[in-house]
There are 2 protein chains.
Amino acid sequence: MKLSSRGHYGMMALTYLAQKVGDGPIPIKVIAAAEEIPEQYLEQIFVELRRAGLVTSVRGARGGYKLSRPPEQIQVGEVVKVLEGEIAPVECLHADEDNPSLCCSKTEHCATKIVWVKLRDTIVDYLDDITLHDIVHKSSKLYTESR
Amino acid sequence: MKLSSRGHYGMMALTYLAQKVGDGPIPIKVIAAAEEIPEQYLEQIFVELRRAGLVTSVRGARGGYKLSRPPEQIQVGEVVKVLEGEIAPVECLHADEDNPSLCCSKTEHCATKIVWVKLRDTIVDYLDDITLHDIVHKSSKLYTESR
DNA sequence: TTAATCTTGACTGAATGAGTCAGGATTATG
DNA sequence: CATAATCCTGACTCATTCAGTCAAGATTAA
């Protein structure tokens with residue numbers, strides 16, 4: 001149950017951009033330095049973010065990256081999906097046409113499966129409810145005590 | 001955001017045992033066959049489960065494993081913690097004495113950290129709320145529609 | 001023209017995951 | 001007592017993934 005560094009770094013970088021909305025494109029180098037992320041590694045991550053339409057690049061001198069949409073329209077769930085792939089605590093959750101749920105030939109017919117399905121839903125619901133805007137503005141969604 | 005096969009197999013095996021409560025100790029071989037889990041691999045997993053006090057072993061012929069507690073007292077969260085380690089979506093969440101949160105020297109002072117903290121809480125709360133009994137008896141907790 | 005950027009793809013080294021192998025210790029049963 | 005059925009232990013392997021680097025190219029502002 002771990003995020004990879006891509007997901008973590010990606011969120012850090014996008015949060016940084018969300019704080020700089022309006023400043024024009026920000027070079028990778030700047031983000032990498034500010035957040036202490038290896039620059040060339042962060043480049044790879046931005047390739048994925050760009051392909052997914054989350055950020056827009058401006059090439060050439062004075063270029064850089066900016067968010068493609070306002071921070072309140074970028075959900076953490078979307079970022080995580082792009083950088084980590086579909087959230088699926090166990091393999092058999094993303095059964096598609098040619099892969100019709102391998103793990104379910106067992107005696108108990110995957111009695112545990114429902115647990116993982118609900119776990120995924122819980123995670124996705126949580127992540128989809130939070131946007132970059134919430135993070136930057138310390139939304140009460142994130143900062144009120146719940147336990 | 002994936003469970004390892006240990007967690008998955010472990011839950012399958014314990015759920016199997018929960019279904020057989022009262023039958024006396026069940027050999028690994030039987031569980032492995034029923035759930036299609038490599039036998040020697042499952043042995044490793046049971047070592048951890050035993051050390052954690054979740055199952056009790058009976059050695060020798062006619063031996064096997066049984067749950068150490070009734071199914072309603074075994075939470076999924078506990079099993080996952082035993083087999084996967086503390087749930088911590090990102091590294092810096094389990095900062096202890098000698099490891100005081102490495103990732104937080106950044107500009108934005110880990111603005112994203114709160115997201116992962118809350119994510120962890122969300123996951124833990126969910127997993128701690130479900131017991132083996134809920135799984136075996138198809139508790140409404142797991143089977144009512146929520147989305 | 002040049003320097004600052006993004007863009008691409010190949011590469012590497014270490015860690016982790018998933019499982020196997022080999023043998024030993026314990027105990028019910030005949 | 002002998003033996004077979006178990007659990008118990010630790011080392012080992014093999015493939016994959018992760019995290020990051022390297023090298024070279026394309027684009028564009030100044």
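Throughout, protein chains are lettered first and strands after them, A, B, ... in sequence-line order, and every chain is numbered starting at 1. Computed over heavy atoms, backbone and side chain alike; hydrogens, waters and symmetry mates excluded.
- Protein atom CG of B:L42 is 14 Å distant from nucleotide atom P of C:dA18, rounded to whole Å.
- Note: A:F46 and A:Y65 have tilted aromatic rings, judged against thresholds of 30 and 60 degrees for the angle between ring planes.
- Contact annotation: B:S57 side-chain N/O to D:dC8 OP1/OP2 distance is under 4.0 Å.
- Side-chain nitrogen and oxygen atoms of B:S4 include none within less than 4.0 Å of the OP1 or OP2 phosphate oxygen of C:dT16.
- The side chain of B:Y9 contributes no N or O atom lying less than 4.0 Å from OP1 or OP2 of C:dG17.
- Residues B:I26 and A:R6 both approach DNA chain D. Their nearest nucleotides, taken by heavy-atom distance, put B:I26 toward the 5′ side.
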Quiz prompt | Candidate pair A:L127 and A:I87, rule side chain to side chain contact (heavy atoms under 4.5 Å, CB included), full reasoning | solution = CA-CA 11 Å; A:L127 292 178; A:I87 290 161; 3.8 Å; yes

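- Among D:dT28, C:dC6, C:dT27, the nucleotide with an atom closest to any side-chain atom of B:A61 is C:dT27.
- Distance alone, capped at 3.5 Å, is enough to place a donor-acceptor pair between the A:T131 side chain and the A:H133 backbone.
- One atom, CD of B:E48, and another, C1' of D:dG10, lie 14 Å apart when rounded to the nearest Å.
- Remark: B:R51 is in phosphate contact with D:dT9, judged by side-chain N or O atoms under 4.0 Å from OP1 or OP2.
- Residue B:F46 is classed as having no contact, given no heavy-atom separation below 4.0 Å to the nucleic acid.
- For C:dT8, the base has no donor-acceptor partner in the side chain of A:Q44 [N/O atoms by modelled type, under 3.5 angstrom].
- Between A:R62 and A:Q40, the residue whose closest nucleotide on DNA chain D is further toward the 5' end is A:Q40.
- In this structure, the nucleotide among D:dT9, C:dC21, D:dT6 sitting nearest to the side chain of B:P27 is D:dT6.
- Using a 4.0 Å cut-off, some side-chain N or O of B:S5 falls inside it from OP1 or OP2 of C:dA18.
- Distance from the side chain of B:Y65 is smallest to D:dC8 among D:dC8, C:dA22, D:dA26.
- An OP1 or OP2 oxygen of C:dC21 is reached within less than 4.0 angstrom by no side-chain nitrogen or oxygen of B:Y41.
- Checking the phosphate oxygens (OP1, OP2) of C:dC6, no side-chain nitrogen or oxygen of A:R50 falls inside 4.0 Å.
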